[in-house]
Amino acid sequence: MRKAFIAGNWKMNTNLHSAVVLAKEIAEGCADVVHEGGLTVAVCPPALYLSAVSAALSSSPVALGAQNMHFETTGAFTGEISSAMLKDVGCTYVILGHSERRHVFGESGTMINKKVHAAISAGLLPILCVGELAGQREAGETEAVIERQLHEGLSQVGVEKMAAVTIAYEPCWAIGTGETATPQQAQEVHAFIRKTLEGLYDRSLAQEARIQYGGSANPGNAAELLEQPDVDGLLVGGASLKGADFVAIVDAAG
Ligand code: 13P
């Protein structure tokens with residue numbers, strides 16, 4: 001039985017003070033819903049505030065995640081952050097291959113795959129994002145794009161390592177636009193992702209894999225998205241910046 005996983009991607013928002021306030025609000029609001037063996041909740045603040053948010057979450061079951069990392073472990077990589085540094089400040093999760101990393105910062109499938117390997121080796125749990133652009137959907141290429149991104153991102157990631165990985169389906173046209181995929185559109189692609197995982201690995205791994213939906217998820221649409229059989233959680237952007245909204249989304253999954 002797959003457990004729901006709700007994560008908030010704060011992107012390049014908040015400041016030191018508001019990040020801590022938001023983390024505390026979420027920790028308090030989720031205290032009754034998140035418990036051992038139940039659903040998983042994580043917040044992914046900007047890297048610079050990870051330590052402060054980690055401290056704010058110290059007695060809470062809400063987990064900490066980062067939004068990105070470099071694949072090398074140490075050395076002359078100006079401006080980059082390693083997996084060990086993320087572990088050091090209390091991260092459990094790391095978002096990899098987010099569409100903004102792919103399309104704004106030009107990250108390639110090969111680079112994302114190196115990051116997936118580096119994260120798992122360091123004991124981090126990657127959230128690997130996949131998703132098509134609007135034009136690719138219009139051209140009927142959605143499945144081909146998703147399949148390619150999964151093949152690239154998971155290249156040489158063996159069955160035993162896959163327990164660490166969450167997949168997030170984030171259609172680029174639904175990110176930050178207020179336009180959400182319909183529950184049916186989300187379900188179709190999630191089922192396709194599961195089928196692709198079955199082809200890459202096996203049926204039991206595909207059945208156990210957690211697949212989040214991301215793209216304008218909010219308290220108003222969370223429940224119907226989560227009702228879909230292959231939607232196991234949500235990766236929330238804008239709505240995760242308001243404590244009450246994020247807690248309402250967590251409640252919908254609880
Ligand atoms: P929005 O919820 O703001 O559309 O962002 C989704 C997202 O990119 C989460 O990673």
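In listed order, ligands and their atoms are each counted from 1. What's counted below: heavy atoms across the whole structure, side chains too, no hydrogens, waters or symmetry copies.
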**Q.** side-chain hydrogen bond (donor to acceptor under 3.5 Å, both in side chains) between W10 and Q67, worked out
**A.** CA-CA 8 Å; W10 297 0; Q67 301 172 15; over 6 Å; no
Q: Just jot down the ligand 1 atoms closer than 4.0 angstrom to any heavy atom of G215, in number order.
A: 4 (O), 6 (C)
Q | Close-contact set for ligand 1 against S216 heavy atoms, below 4.0 Å | A | 1 (P), 2 (O), 4 (O)
Q: Give the minimum heavy-atom separation between T142 and R137, together with the two atoms involved.
A: OG1-CA, 3.3 Å
**Q.** Subset of ligand 1 atoms that lie under 4.0 Å from at least one heavy atom of G176
**A.** 1 (P), 3 (O), 4 (O)
Q. Can you list the atoms of ligand 1 that are under 4.0 Å from a heavy atom of G238?
A. 1 (P), 2 (O), 3 (O)
**Q.** Any N/O pair T177/ligand 1 closer than 3.5 Å
**A.** no
(Q) Please check: side-chain N/O of S54 versus main-chain N/O of G90, any donor-acceptor pairing under 3.5 Å? (A) no
Q. Hey, which atoms in ligand 1 end up nearer than 4.0 Å to a heavy atom of A174?
A. 4 (O)
Q | Under 4.0 Å to a heavy atom of H98 - the qualifying atoms of ligand 1, by number | A | 7 (C), 8 (O), 9 (C), 10 (O)
Q.
At less than 4.0 angstrom from any non-hydrogen atom of K11, what atoms of ligand 1 do you find?
A. 5 (O), 6 (C), 7 (C), 8 (O)
Q) Quick one: does R102's side chain have a donor or acceptor within less than 3.5 Å of a partner on S108's backbone? A) no
Q: Compute the minimum heavy-atom distance from A239 to ligand 1 and say whether it is under 4.0 Å.
A: no
Q.
With heavy-atom distances below 4.0 Å as the criterion, list the atoms of ligand 1 near E170.
A. 6 (C), 7 (C), 8 (O), 9 (C), 10 (O)
Q | Proximal candidate to atom 6 (C) of ligand 1 [heavy atom criterion; set G237, G178, C44] | A | G237
Q) Can you tell me how far the CD1 atom of I175 sits from the OG atom of S99, to the nearest 0.5 Å? A) 3.0 Å
Q. For K161, does the NZ atom sit with more than 12 other heavy atoms under 6.0 Å from it, leaving out its own atoms?
A. yes
Q: Indicate the ring-plane relationship of H190 and Y169, choosing parallel, tilted or perpendicular according to the 30° and 60° boundaries.
A: perpendicular
Q | Stepwise side-chain hydrogen bond (donor to acceptor under 3.5 Å, both in side chains) test for S18 and N15 | A | CA-CA 5 Å; S18 67; N15 57 35; 3.2 Å; yes
Q.
Heavy atoms only, cut-off 4.0 Å: how does L235 contact ligand 1, side chain, backbone, both, or neither?
A. both
